[in-house]
Structures are given as C-alpha cells and as structure tokens.
Undergrad: 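Before I ask anything, let me first share the structure, which is written out below as structure tokens.
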Amino acid sequence: MECLYHILGFLLLASGLPLCATKRFHDVLGSGRHPGVAREHNQLHGWSSDENDWNEKLYPVWKPGDARWENSWKGGRVRAVLTSDSPALLGSNITFVVNLVFPRCQKEDANGDIVYEKNCRNESGLSPDPYVYNWSKDSDWGNDSDRSQHMFPDGRPFPHPHRGKKGNFVYIFHTHGQYFQKLGRCSVRVSINTTNLTLGPQVMEVTIYRRHGRAYIPIAQVKDVYVVTGEIPVLVTMFQKNDRNFSDETFLRDLPIMFDVFIHDPSHFLNKSAIDYKWNFGDNTGLFISTNHTSNHTYVLNGTFNLNLTVQAAVPGPCLPPAPTPSLGTAGDNLLELSQVSDENCQIYRYGYFKATITIVEGILEVNIIQITDVPMPGLHPDNSLMDFTLTFKGTTPTEVCTIIADPTCQTTQNVVCSPADVHEMHLLTMKRAFNGSGTYCVNFTLQDDTSLALMSTLISIPGKDTAFPLRIANGTLISLGCLVIIVPVIVMLMYKKHKKYIPIENSSGYVIKNKGLHACLHHTTAAIFSGNQEKNPLLQDKLGIP
C-alpha cells in the first residue's frame, strides 16, 4: 500500500509539471508588479490579469544580460523611451507614450519598414541595402487566411489593420498586476483611467517585440514611475516688475507681485468643474477668494511672509445611494427600504495646495528722464554729439547704471556703457553719453541695486551741426511699444552675457513647481512691456568704458 501511495504521488507530481513550467505574464514582467494588489477591486478597463499564461514559444523570454539581446536588432541595440503626463489626479486619465530610438542612420518609413537614411554613415559606412527590415515583402502578413498565425503572447489574435496600416512591433504594458498588449509602429500611446488605481507612485513597465517571420524577438524593455495623487497638481509662477532676481523669492515693497496658477490636468478631467482660488498672503490682509487663475498683491511692509494658496475644484459626479432607512409602514413591519436616487449630479471636491515663504525688501520702483541737453565739446567730429541725460528715480538709491544705444529700430546695438551710479540730491542722476553722428537713436537706461532693476527707454533725435533744428525726443518721452518689444530681448541677451547665471527649475513637495526658468522669464518680460514705462529685465552683462 505504501508503494502505491508513492506511485500516485509521483503521477500527480508528473501531471503538474507542465502547469508549473508554463510562464505567466507576471513571470515575464514581474518587476512592474506591486505586491498585495487586489486585482478584483482595481480592474483597469480593457486590461487583463497577469496570471494569464504567456506563449514563450512564440514570444521568447530573455533575462537582462542575456547575450542574445545584442543580436536582436541589426546595427546595434534599440532604445525605448517611456514618458507619461504624470502626476494624475485620482479619477482622471493618464497617458503613456513609448518611442523607439533606432541605431544611427535607421528610421521607420511610411510603410512601417525600417530603412537606412540616405547619405548617412554609421560605423559600417554607407549601406548598399536600403532596408534594415523590409516587412512589406512578408507575403503571409496581409493574408487573412494566415492571420491566426499572428497573435499576442496570451493567444489573442491581432486586430485587423486599420486602412492597411500594419504594426510590426508588439508592446506589452504592465502595471498594477495587469497587462495591456498593443500592436503598433515605432511610437505608441496608451491611456488608462486612474479611478481604480492606488494613490502614490506606481511603476509602468513595457516590453517590445519585433516581428520575425511568424515569431517575435524581444528588442527593448523600459519602465518608468508615474504618480496618482488625491491632490490637484498645481504649478505657480510669481513675477514682479523691477525684481532683479526672480529665483530667490525676494520681492519689492510697494509694487504688485503677479501670481499665475496653472493646474496640471492634461486629460481635462476638471474642465466642467467650478474652481476657486483661495489666497492668504500672510500679511494680515485676510482671505482673498477668486475664480480667476491670475492674481496680484502688493506688500506695503518689509519682512518675511508665509503665502498660502488653496485650489478647490467641485467635480461633477454621480450621486451615491443613501443609507437604508426604516420603513414607515405598519407596526411590526421590519423590512428596510431604500429611497430613490435622483438623476441629478452631485459634486466631489478636490483640493490642491501651494505654499511659499517670500521676503519683501525696498528697491528701485521707477525711473524717468526729465532733461536732455547738448554738451559742447571742442575736438569732436562735426557730426558727433555729447549729451547730458538727467534721470529721476523712486525707491532705493541705485548702485549701477547701464546704457544701451541702438539704431532707430532698436534691433542693432551700437554701444553699451555701465558705470557706478553718481546720485545727486533729490534722487537725481546725471550722465554723459556720446553719439556718433546725427540721426535717431534708441536709448535704454537701466538702474540697478542688489535686489531691483528699473528700465527706461526712449527715442532721441540728434540733429546735424549745420542744421537749425534743436535736439528733440522722437515720438515722445517713452519709446513706442513696437520698438520696446524689440529692444527688451536685446537687453536680456546683453545682461545674460554679463552674469551668465543659469537658474534651474525647482520642484517642491505636493507636485508644486515654482517656475523659475524660461517660462517665468517670458511672463516677466511680458509684464514689463505692458506696464507703462517700467520693464522687468535681467542685468546688463558687459561693462564698457564711456566713449
């Protein structure tokens, strides 16, 4: 009898061997699986459980470091780049994009074949064969009778090509214990709804196979972290006219700070929501509530202030059924009945937060030209002129003044001069500047100290020495808006050359980004152009001697 038990045990073990040897999706794509995921409660629409069997005969599985990876593609390894529009608010959609990067001189043509770029030399020189892979010549690929031979790793048949467009790559997406398989070309896009996903960072893994006759060869693997959040991802820019450095969170007293709030919502989940912006500027001015994503605030005292913003979105959604209540029927009737649910939509509230600590200091608030006079200078060329400019300013005393002299169109810089500011009483500043010949010039003055910078621009007409016309300011005191738009980028470029300071974009917790890069600079310049005679600009960069 004991021998019989041993035989039965052996037979049961033998019968189980094929099942145990069969690979499943989580065996192949296991690095993207999160332990403890409750699949029955977190089912993604259109995705399948990674407990399904994997057809290893049709789709071979190679471990990282396997030598076969090096020969899976002609000309070298293929690299896959996976990106997403993360972070995603719970309930919204998140989109993933995979792009294949082929070895040098290779690209995908209109037919989906991989070809060599013309006149492109790789390590092997110019290739006599135009094709890397000519899948269009595969006679059985477009034959409907043989389509059963082409299937995904779980045995499902490929979809019929849309308008004759065939995909020669198989993409297997894997996350949250589930997979999604897609036929495509060198770039594919997949979107999922995050309603049933777990909050926090998640991993998306993608494995890519290329067609090889009636089988498929792995060519690349890639994975990336994405984030599902219960808070609205918020991006805020802060800029202020005359603020010299918009990366240090230091701003000027008595000038408005412009705040612009951006909500990261690429799937437009909040499009139909009512959104309120609740500001507390930290200076005891109370709570300011607005439905506008832009706001401004002026601090009238120096000091450090804690700024807080709460973004509230009322998201339309289905109403939940009410809890059961006792029936009002006859005594002794113990049945419970549910009240009817109305067809009206309810609202779900979602919130986003932004916090910053900002410092308010004094600075240069305004600069104006009040007088221009011709200074006689013997020995100058008859057509040359030396001019005295008298400027007045408000705010702190500048430490440096820079001048840019350009042509009438404000496009070609002729001279740049920077010098210490020689300030007289009554906030007056006088300087001499030389002009080479008669004509109209675009002149910019920039006053600056450690924290602020103020700009004044004008068009000036210099008459010839043999004319009877006096010196005059062209088109009024201020430069025309058209020329001002042109001269501001010139000033920015010259100031960059002087300091050569790179300001990185910084991240902070809560997915809030205080934009301190190019985007902020463009907002900064725009605010300067449309704010009267004061413009926000970086510092002039090159100091030149007075001519």
Side-chain angles (χ1 to χ4, degrees), residues 241 367-377 379-391 400-419 421 429-448 453-500 521-522 524-547:
K241 177 184 64 177
V367 57
N368 288 290
I369 301 174
I370 61 173
Q371 186 177 7
I372 305 175
T373 56
D374 189 358
V375 179
M377 287 290 291
L380 284 180
H381 188 276
D383 288 334
N384 291 354
S385 296
L386 186 65
M387 313 304 302
D388 252 348
F389 293 86
T390 303
L391 282 66
E400 187 177 38
V401 57
C402 293
T403 309
I404 297 177
I405 299 177
D407 70 330
T409 66
C410 306
Q411 297 185 63
T412 304
T413 302
Q414 298 178 356
N415 193 16
V416 179
V417 178
C418 289
S419 59
L429 180 64
T430 303
M431 64 199 72
K432 292 180 171 60
R433 294 294 181 260
F435 294 85
N436 297 325
S438 60
T440 301
Y441 294 88
C442 177
V443 183
N444 165 266
F445 295 98
T446 302
L447 277 62
Q448 60 199 26
L453 178 150
L455 169 69
M456 174 66 192
S457 300
T458 187
L459 285 177
I460 182 173
S461 181
I462 305 294
K465 295 299 183 180
D466 56 348
T467 64
F469 296 102
L471 169 72
R472 65 186 180 92
I473 297 176
N475 297 335
T477 303
L478 288 180
I479 193 171
S480 65
L481 181 60
C483 290
L484 184 57
V485 172
I486 296 172
I487 196 172
V488 167
V490 175
I491 298 171
V492 170
M493 180 183 65
L494 292 172
M495 293 175 178
Y496 172 77
K497 289 180 180 179
K498 179 179 179 181
H499 285 274
K500 296 182 180 178
C521 182
L522 294 177
H524 196 71
T525 304
T526 303
I529 292 175
F530 295 100
S531 300
N533 62 346
Q534 310 298 318
E535 291 86 28
K536 166 81 167 66
N537 289 276
L539 295 176
L540 290 168
Q541 302 304 315
D542 295 317
K543 288 188 177 182
L544 303 178
I546 299 177

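In this text, all values refer to a predicted model and were calculated from it rather than measured experimentally.
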Undergrad: My understanding is that only residues two or more places apart in sequence, or in another chain, count here; which of them pass side chain to side chain donor-acceptor pair (under 3.5 Å) with Asp388?
TA: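 Once residues adjacent in sequence are excluded, Asp388 has no partner under the side chain to side chain donor-acceptor pair (under 3.5 Å) criterion.
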
Undergrad: How long is the gap from CD1 on Ile462 to CD1 on Ile372, to the nearest 0.5 Å?
TA: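 One gets 8.0 Å once the value is rounded to the nearest 0.5 Å.
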
Undergrad: Phe445 and Leu391: side chain to side chain contact (heavy atoms under 4.5 Å, CB included), yes or no, with the steps?
TA: CA-CA 9 Å; Phe445 295 98; Leu391 282 66; 3.8 Å; yes

Undergrad: To the closest 0.5 Å, what do you measure between OG1 (Thr390) and CG (Asn368)?
TA: 12.5 Å

Undergrad: For Asn436 and Tyr441, work out which heavy atoms get closest and say how close.
TA: O-OH, 2.9 Å

Undergrad: How long is the span from the CG atom in Asp407 to the OG1 atom in Thr412, to the nearest 0.5 Å?
TA: 4.0 Å

Undergrad: Just verifying a value: how many Å separate Cys418 SG and Ile404 CD1, rounded to the nearest 0.5 Å?
TA: 8.0 Å

Undergrad: Contact between Thr409 and Cys442 at the side-chain level, heavy atoms closer than 4.5 Å - yes or no?
TA: no

Undergrad: May I ask you to test the Asp374-Met387 pair for a side-chain heavy-atom distance under 4.5 Å?
TA: yes

Undergrad: For the pair Thr403 and Phe389, evaluate side chain to side chain contact (heavy atoms under 4.5 Å, CB included) and give the outcome as yes or no after the intermediate values.
TA: CA-CA 11 Å; Thr403 309; Phe389 293 86; over 6 Å; no

